[in-house]
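All chains are named by letter (A, B, ...) in the order of the sequence lines, taking the proteins before the strands, and each is independently numbered beginning at 1. In this text, all values refer to a predicted model and were calculated from it rather than measured experimentally. Side chains are part of it too, since the values below use all heavy atoms of this structure and drop only hydrogens, waters and symmetry mates.
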Amino acid sequence: MSTRDKILQAVKNNKPALIPLQEIPALLDVTEENPIVKFTAILKNLSTEVKEVDGWDEVIQYVSELKQQYKIVTVIDGVDGIVNDGADTINQSAAALASLDYALIKGPIGIAENGAIWLNDKNLPNRLLPFICQHLVLVIEAKDIVSNMHQAYRKIQVNEEGYGVFISGPSKTADIEQSLVIGAHGPLSLRVYIVH
Amino acid sequence: MQGTTTHSEKAAQFIANEPRTDWHDDTLWFVRTKRDRAAHTIEAWEGLRATASHIKEHTLSNLHDYLTQFEQNALANGVQVHWAADAAEHNAIVHSIIKKAGIDKIVKSKSMLTEECHLNEYLIQQGIDVVDTDLGERIVQFRHELPSHIVLPAIHLKKQDVSDTFHEHLGTEKDNIDPSYLTHAARLHLRDKFIASDVAITGVNFAIAETGGIVVCTNEGNADMGVHAARVHIACMGMEKMIPKAEHLGVFLRLLARSATGQPITTYSSHFHKPRKGAEMHIVIVDNGRSRQLGRADFRNSLKCIRCGACFNTCPVYRRSGGHSYHNAVAGPIGSILAPNIDMRKNADLPFASTLCGSCSNVCPVKIDIHDQLWKWRQVLMKEGYGGSGKNIMMKGMAFVLSHPRIYRMAGGMGRKVMRWMPWLFNNKSLNPWYKNREMPAPPKQSFREWYQQNKQ
Ligand code: SF4
């Protein structure tokens, strides 16, 4: 018998009688009174700069300012005045992307209870982008902010693409005497635009 | 059991440095208080715990089907699935994937399973160098130590220790103990490793049966940096990581980071289903005693563990004895339940390294009856003839942490400290009055007291 079959047989022999699976209780899914306020407060607590803006003007302006000084990649679709140049990075190696200063990426969903923003291969022409850039800017539309994880998982399909990630705050560590240091292996900073 | 390997003897070495022991204790208690604050912000916290516990219990009761379903879906996603009965087979599989890829530069993010299997040592023997990329793990790797905590691997070390280690290995300024400076030095050092490595090994936090995908949670971004820069991703998982559906992630991700460090969620929760174009993804599913534990009705519950570390942070024995005292990859209360299943003789002392106060069970996000299982292990170990070592621990082992004079000085009247060292007093209000009358806190479990009385001669 293969190892696989032996393991599965042992599991089958040893597992207890079936306990039927219950639905996730609806009472766990508490809708926030003001998801945007919560989302903002949580992210600020996570050393993230949050900008709530009306329309795209400020974002457009920010992208063009960054472009003058830094190496940046922008993965934002359907906004006049912003060029999505993500496709250029598809085949770039880690070595080539290591000098990337900024990545600006628009995500389809944000979560109030923990400040997380979902990205998947659709928003990530190169999966390294939100990790290898020195600074990350995530953009979310106000209407796409849900209250909690249960609501988020109802909206996304985790296997729609080969890879997806919730990002909440800049990379960080407290592995040295529990002192919080922002900027571990991923970005040194995160800015989030909430666009109305 | 060798004399120098028992928890009590190692703990005696640990507490010889009193200020450091106090610091360790304070620091972990601080993490525990952060957990409490985070838990209190969630109205439905207890409901979440009950639901998580239920989902895991259900999963274990149908694990055979879920493993099969997971494999099928992962294969359909283009992932290669491997099965390992024990640590040796796991290590051999990982080695063969690396050899086939013809790569000798490897990065690894945190995986307690690979610690359990001693993968690093094995690969080094094969002439393959593995770089641990979690900052805490890199620090202990430089020092030829093992992680002392499943979530906070270097929690036993002070800034000065890290500074000395980095000065030696990374050439940082001597005696510069600024955590930002030291972290930045590690960032630069490890960026080079990420870019140069073509194999990335990761652990797995959750494996989703219905989609064949895995979820990995980190704060540093090291798992993702490694995987997305590499050509080959090897994810190693104990088979108890299974959950039935993607929607269940909502329950577990709400609990995991809040229980671990008091964060609302880890910075990155990465869902891997398919390798990117041109890359390979492997999943190694490991048994290593888990199917046996599943067959032990009293202990199968321990397989619900999501490795959050909350039971460590709250444990008065762990806090004052340090992770290395447990001589097992997973230390703390949960490690003391898992270890005797893997090697009863070697780990017979661990279920005795507890006050059975129950604080672990109270914080556990998946409601494992940790302290009950510790008590039950003691019964099993006595029956199986490992009682000699057990009694030994009872007599001189527990004495060291709990009869350490400082603890009782503090226990005199300072409420907060009392709660910290003897959290069980606050679990059950009716127990409160008696602590004033005793110098030694008696274990609250009547059955355990009886057992102790019977066996102390
Ligand atoms: S036993 Fe519970 S508290 Fe301890 S690490 Fe596992 S899940 Fe966390």
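Among G278(B), G136(B), A297(B), the residue making the largest number of heavy-atom pairs under 4.5 Å with chain A is G136(B). Between chain A and the residues Q293(B), R254(B), K274(B), M225(B), the largest count of heavy-atom pairs under 4.5 Å involves R254(B). Between chain A and the options E210(B), R258(B), H184(B), the largest number of non-hydrogen pairs under 4.5 Å is found for R258(B). In terms of heavy-atom pairs under 4.5 angstrom with chain A, the leader among A230(B), S269(B), A44(B) is S269(B). With chain A as the partner, the residue from G78(B), G213(B), G212(B), A84(B) showing the most heavy-atom pairs under 4.5 Å is A84(B). Across H156(B), E247(B), M239(B), H82(B), the residue that shares the most heavy-atom pairs under 4.5 angstrom with chain A is E247(B). Interface remark: of the candidates L28(A), I24(A), D29(A), L28(A) forms the most heavy-atom pairs closer than 4.5 Å to chain B. If you tally non-hydrogen atom pairs under 4.5 Å between each of G169(A), G164(A), P20(A) and chain B, the highest count goes to G164(A).
The parts of Q22(A) that come within reach of chain B are both its backbone and its side chain, each placing non-hydrogen atoms under 4.5 angstrom from that chain. Of the two parts of Y153(A), only the side chain, counted from C-beta on, holds a non-hydrogen atom closer than 4.5 Å to a non-hydrogen atom of chain B. Of the atoms belonging to P170(A), it is backbone heavy atoms, and not side-chain ones, that fall under 4.5 Å from chain B. Heavy atoms of I177(B) lying under 4.5 Å from chain A are absent altogether. Neither the backbone nor the side chain of V227(B) comes within less than 4.5 Å of any heavy atom in chain A. For T261(B), no part sits under 4.5 Å from any heavy atom of chain A, backbone or side chain. With a threshold of 4.5 angstrom between heavy atoms, T27(B) approaches chain A through side-chain atoms but not through N, CA, C or O. With a 4.5 Å cut-off on non-hydrogen atoms, V181(A) touches chain B through its side chain but not through its backbone. Residue L188(B) does not touch chain A at all, counting heavy-atom pairs closer than 4.5 Å. For W45(B), no part lies near chain A; criterion is any non-hydrogen pair under 4.5 Å. Using a 4.5 Å cut-off between heavy atoms, V30(A) contacts chain B through its side chain alone, with no backbone atom that close. Of the atoms belonging to Q151(A), not a single heavy atom falls under 4.5 Å from chain B. For N62(B), the parts sitting under 4.5 Å from any heavy atom of chain A are the backbone and the side chain alike. Contacts between K34(B) and chain A at a heavy-atom distance below 4.5 Å involve the side chain alone, from C-beta outward.
Contact detail for S61(B) and K15(A): the closest heavy-atom pair is O-CD, 3.6 Å.
For residues 77-95 of chain A, heavy-atom neighbours of chain B at less than 4.5 Å comprise A94(A), A95(A), sorted by residue number. Residues of residues 3-14 of chain A that come within less than 4.5 angstrom of chain B, heavy atom to heavy atom, are T3(A), R4(A), I7(A), L8(A), A10(A), V11(A), K12(A), N14(A) in numerical order.
Between L152(B) and Q178(A), some side-chain heavy-atom pair lies under the 4.5 Å cut-off. Under the 4.5 Å side-chain criterion, counting only non-hydrogen atoms from C-beta, D175(A) is in contact with E220(B). Contact check for S168(A) versus Q263(B): no side-chain heavy atoms found under the 4.5 Å cut-off. When side chains are defined from C-beta on, R276(B) does not count as touching L124(A), because their heavy atoms never get closer than 4.5 Å. A heavy-atom distance below 4.5 Å is found between the side chains of L188(A) and R187(B). The shortest side-chain heavy-atom distance between R191(B) and I132(A) falls under the 4.5 Å cut-off.
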Inset, instruction - Report the C-alpha distance between V251(B) and M149(A) in whole Å, list the side-chain angles of each, state the deciding distance to 0.1 Å, and finish with yes or no for side-chain contact (heavy atoms from CB on, under 4.5 Å). - result: CA-CA 8 Å; V251(B) 176; M149(A) 293 299 278; over 6 Å; no
Inset, instruction - Carefully, step by step, assess D224(B) and Y163(A) under the rule side-chain contact (heavy atoms from CB on, under 4.5 Å). - result: CA-CA 11 Å; D224(B) 286 283; Y163(A) 171 78; 2.5 Å; yes
Inset, instruction - Give the intermediate values and the outcome of side-chain contact (heavy atoms from CB on, under 4.5 Å) for residues L46(A) and T267(B). - result: CA-CA 9 Å; L46(A) 296 171; T267(B) 307; over 6 Å; no
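Applying the salt bridge (charged side-chain N to carboxylate O under 4.0 Å, His left out) definition to pairs two or more places apart or across chains, those involving residues 132-146 of chain A are K106(A)-E141(A), E141(A)-K143(A).
A distance of 7.5 Å separates CD1 in I167(A) from OG in S270(B), rounded to the nearest 0.5 Å. For the atom pair CD1 of I19(A) and CD1 of I55(B), the computed distance is 12.5 Å after rounding to the nearest 0.5 Å. Rounding to the nearest 0.5 Å gives a distance of 8.5 Å between CG of N73(B) and CG of N159(A). Here CG of N120(A) is found 11.0 Å from NE2 of H273(B). Values are rounded to the nearest 0.5 Å. Atom CG of residue N114(A) and atom CG of residue L253(B) lie 8.5 Å apart, to the nearest 0.5 angstrom. Once rounded to the nearest 0.5 Å, the distance linking CG of L18(A) with CG of D65(B) reads 8.5 Å.
Each of L135(B), N219(B), N222(B) was scored for a side-chain contact (heavy atoms from CB on, under 4.5 Å) with T173(A), with one residue passing: L135(B).
Note on ring orientation: taking the six-membered ring where Trp is involved, the planes of H271(B) and F166(A) are perpendicular (angle over 60°, cut-offs 30° and 60°). By the 30° and 60° cut-offs, the orientation of the rings of F194(B) relative to H185(A) is perpendicular.
Within a 6.0 Å radius of CD in E160(A), more than 12 heavy atoms belonging to other residues, nucleotides or ligands are found. Around the CD atom of E65(A), the shell of radius 6.0 Å holds more than 12 heavy atoms that belong to other residues, nucleotides or ligands.
Checked against side chain to side chain contact (heavy atoms under 4.5 Å, CB included), E49(A) has the following partners two or more places apart in sequence or in another chain: K51(A), R191(A).
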